[in-house]
Amino acid sequence: MADVEIKVENIVASATLGKSLELPRIAPALENVEYNLEQFPGLVFKLKEPKTAALIFGSGKLVCTGAKCIEDSIKAIHMTVDKIRELDPEIPEEFEIKIQNIVASANLGKVLNLEAVALDLENTEYEPEQFPGLVYRLEDPKVVLLLFGSGKVVCTGAKTADQAQLGVQKTKERLIELYLIEE
Amino acid sequence: RLRKWQRKIRISGATERNLAFALSELDRDSSRLGLPRSVRESASVVYRNAVENKLIRGRSIEGVVAASLYAACRRCKVPRTLDEIADVSRVSKKEVGRTYRFLTRELHIRLPPTSPIDYVPRFASELNLSGVVQSKAIEIINQAMENGLTSGRGPTGVAAAALYIASVLLGERKTQRDVADIAGVTEVTIRNRYKELTEQLDMGVNL
DNA sequence: ATCTTACTTTACAAAGC
DNA sequence: GCTTTAAAAAGTAAGAT
């Protein structure tokens with residue numbers, strides 16, 4: 001069977017800089033920043049290119065969201081950290097970055113009868129009164145998929161693009177096995 | 001042994017107090033929703049099961065009562081929407097839905113999604129529509145299901161559109177506003193659904 | 001009536017309430 | 001559990017035009 005094509009839509013990555021940060025001093029010196037301790041302990045910093053948003057914490061850890069590929073996510077983190085380093089030269093050049101979550105979309109190419117899928121497919125939740133998508137939890141790879149009547153799919157929880165691709169691939173194969181979609 | 005005895009009494013006392021509170025809460029919500037006694041009993045069974053399996057931890061009694069009622073309504077085929085449940089209880093729609101999913105998962109209750117058909121009798125009677133119109137609406141809904149026109153759509157919207165179409169076809173016309181208000185959806189939703197239904201099913205008539 | 005904006009669901013990290 | 005961020009899917013809603 002031809003491999004299903006997936007499109008990575010969002011990547012969440014975290015980084016540990018190894019040195020605590022003085023947010024109250026850093027915040028006013030940066031552009032595109034939001035910092036409201038009452039609201040959220042992190043400083044929100046947005047980049048236009050790559051279009052991402054970073055959450056920076058006093059502990060020296062940060063979270064980067066919005067990138068469409070791992071390269072951009074890493075690039076965005078370095079651009080963000082370089083900006084902070086201008087205000088705090090003590091920040092190490094090397095630090096750990098970890099991809100925490102990848103969200104991808106795909107199209108099975110066939111419409112789905114969700115009420116039938118809900119009956120035959122295991123580990124699903126389908127509550128059209130609340131949300132139009134059917135939630136399917138796969139154990140291997142450990143990802144969660146949202147299946148729609150149109151045949152479009154969203155896969156989240158993956159750590160790598162391959163995991164997301166495999167998740168969609170397995171889902172499609174399982175649906176074919178159960179005669180829920182044609183081959 | 002004495003201390004253990006006292007402790008047991010104290011705990012069972014609290015347990016019974018909680019159960020009494022839960023049941024009165026359940027009665028209050030049920031009467032506001034106009035539910036038959038059979039549904040209240042079904043809900044109390046779900047609630048007791050939740051207690052026996054210690055599923056109340058970290059959750060409010062009101063929330064579990066509301067979720068038990070929601071589940072019972074669905075099981076008994078006299079559905080109430082999450083909005084209707086949330087309106088009579090002091091629990092948000094989000095929490096009722098979340099608790100419902102938790103209970104059904106933990107108690108291994110597997111209820112199929114509510115069929116639009118289950119809403120037909122209630123909506124029709126509130127609209128004073130005849131049994132003939134109800135039958136026609138059900139026929140339309142069945143056709144819609146066979147043609148994949150219900151996947152992902154809210155059951156109330158589908159039921160509302162089917163009733164609206166049936167009322168027009170059989171000369172008991174109701175306005176979209178009337179149907180929308182009773183079904184708890186907007187006129188836009190009814191319009192979207194009936195366009196879909198009339199275009200993809202051959203109803204033979206035009207509205 | 002149609003457009004725009006926004007909220008529902010999924011996953012995930014961060015620090016603190 | 002919540003708060004904040006990002007993004008997709010499709011349905012529904014609300015306010016504006």
Side-chain angles (χ1 to χ4, degrees), chain A residues 6-17 20-21 23 34-47 50-68 72-73 76 97-108 112 114 124-138 142-159 163-164 167, chain B residues 58-60 63 81-83 93-95 97-99 101 150-158 160 176 180 183-193 195-196:
Chain A
I6 66 158
K7 181 186 178 192
V8 173
E9 304 281 1
N10 183 33
I11 292 179
V12 177
S14 62
T16 301
L17 305 185
S20 60
L21 306 171
L23 298 188
E34 272 182 55
Y35 183 46
N36 301 303
L37 257 182
E38 317 84 17
Q39 194 174 107
F40 190 67
L43 187 158
V44 182
F45 178 68
K46 298 187 180 181
L47 269 184
K51 186 171 180 284
T52 54
L55 303 177
I56 306 166
F57 301 87
S59 62
K61 293 192 174 183
L62 66 88
V63 174
C64 174
T65 63
K68 297 282 188 187
D72 279 359
S73 185
I97 293 179
K98 186 179 181 188
I99 302 300
Q100 302 286 359
N101 184 31
I102 290 180
V103 180
S105 61
N107 192 343
L108 299 178
L112 292 172
L114 299 183
T124 61
E125 269 180 39
Y126 176 49
E127 297 293 333
E129 206 179 314
Q130 274 250 277
F131 186 69
L134 178 150
V135 182
Y136 177 42
R137 288 165 200 284
L138 249 192
K142 192 174 180 304
V143 296
V144 173
L145 298 107
L146 303 179
L147 311 182
F148 297 86
S150 64
K152 300 273 189 66
V153 171
V154 169
C155 178
T156 186
K159 297 291 188 191
Q163 256 181 31
Chain B
R59 258 162 280 270
S60 68
T81 62
L82 285 176
D83 278 317
K93 173 182 183 176
K94 189 173 182 178
E95 196 187 324
R98 180 199 298 147
T99 306
R101 278 178 238 157
T150 58
S151 278
R153 281 107 179 162
T156 53
V158 175
Q176 292 182 6
V185 297
T186 62
E187 294 171 278
V188 177
T189 293
I190 290 189
R191 238 167 270 144
N192 289 336
R193 293 299 133 253
K195 276 177 190 165
E196 228 166 42

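Quick note on labels: first sequence line is chain A, next is B, and so on, each numbered from 1. Any value given below was found using the heavy atoms of this structure, including those in side chains, with hydrogens, waters and symmetry copies removed.
Looking at A:V153 and A:Y136, their side chains never come closer than 4.5 Å, going by heavy atoms from C-beta outward.
Backbone-only engagement by A:K51 is indicated by non-hydrogen atom pairs under 4.0 Å involving sugar-phosphate atoms exclusively. Heavy atoms of A:S105 sit nowhere under 4.0 angstrom from any nucleic acid atom. B:G154 comes within 4.0 angstrom of sugar-phosphate atoms only, judged by non-hydrogen atoms across all strands, and of no base. Among the heavy atoms of the strands, none lies under 4.0 Å from A:V143. When heavy atoms are screened at a 4.0 angstrom cut-off, A:S150 is found touching the sugar-phosphate backbone but no base atom. Within the nucleic acid shown, A:V12 comes within 4.0 Å of at least one base atom, counting heavy atoms only. As judged by a 4.0 angstrom heavy-atom cut-off over every strand, A:G42 is placed among residues making no nucleic acid contact. When heavy atoms are screened at a 4.0 angstrom cut-off, B:R59 is found touching no nucleic acid atom at all.
Taking 3.5 Å as the limit, the base of C:dA11 and the side chain of A:T156 contain a donor-acceptor pair of atoms between them.
Look at the C1' atom in both D:dA9 and C:dT2: the space between them is 23 Å, to the nearest Å. Look at the P atom in both C:dC7 and D:dC2: the space between them is 16 Å, to the nearest Å. Between D:dA8 and C:dA14, the two C1' atoms lie 23 Å apart (nearest whole Å).
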### Message
Checking B:R153 against B:E196 for the salt bridge (charged side-chain N to carboxylate O under 4.0 Å, His left out) test, could you report, in this order, the C-alpha distance in whole Å, the side-chain angles of both residues, the deciding distance, and whether it holds?
### Response
CA-CA 11 Å; B:R153 281 107 179 162; B:E196 228 166 42; 3.0 Å; yes
### Message
Under the criterion salt bridge (charged side-chain N to carboxylate O under 4.0 Å, His left out), I'd like the reasoning laid out for B:E95 against B:R98: C-alpha separation, chi angles, the key distance, then a yes or no.
### Response
CA-CA 5 Å; B:E95 196 187 324; B:R98 180 199 298 147; 5.4 Å; no
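When distances run from any side-chain atom of A:E9 to the nucleotides D:dA6, C:dA14, D:dA7, the shortest one goes to D:dA7. The listed nucleotides are C:dA14, D:dG11, D:dA9; the one nearest the side chain of B:R153 is D:dG11. Between C:dT8, C:dC12, D:dA7, one nucleotide has an atom nearer to the side chain of A:K68 than all others, and that is D:dA7. Minimum atom distance to the side chain of B:K94 is reached by D:dC2, of the listed C:dA15, D:dA6, D:dC2. With distances taken from any side-chain atom of A:K152 to the nucleotides D:dC2, D:dA9, D:dA13, the minimum falls on D:dA9. Comparing C:dT10, D:dT5, D:dA13 by their nearest atom to the side chain of B:V185 picks out D:dA13.
Minimum heavy-atom separation, A:T52 to A:A67: CG2-N, 3.7 Å. Scanning all heavy atoms of the two residues, the minimum distance from A:V154 to A:F148 falls at CG2-CE1, 4.2 Å. Nearest approach of B:G157 to B:R193, heavy atoms of both residues: O-CG, 3.8 Å.
Distances shorter than 4.0 Å separate none of the side-chain N or O atoms of A:R137 from OP1 or OP2 on C:dT9. Residue A:K46 places at least one side-chain N or O under 4.0 Å from the OP1 or OP2 atom of D:dA6. Checking the phosphate oxygens (OP1, OP2) of D:dA13, a side-chain nitrogen or oxygen of B:T186 falls inside 4.0 Å. Regarding contacts with the backbone of D:dG11, every side-chain N or O of B:R191 stays at 4.0 angstrom or more from both OP1 and OP2. OP1 and OP2 of D:dG11 both lie 4.0 Å or more from every side-chain N or O belonging to B:R193.
Between the side chain of B:S151 and the backbone N or O of A:L114, at least one donor-acceptor pair lies under 3.5 Å.
For the pair A:K159 and A:Q130, both in contact range of DNA chain C, the more 5′-proximal nearest nucleotide belongs to A:Q130.
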### Intra- and interstrand pairs of DNA chain D - dot-bracket, Watson-Crick/G-U under 3.5 Å, | marks other strand
|||||..|.||||||||
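Partner of A:I102 under the side-chain contact (heavy atoms from CB on, under 4.5 Å) criterion, chosen from A:V143, A:I11, A:T156: A:I11.
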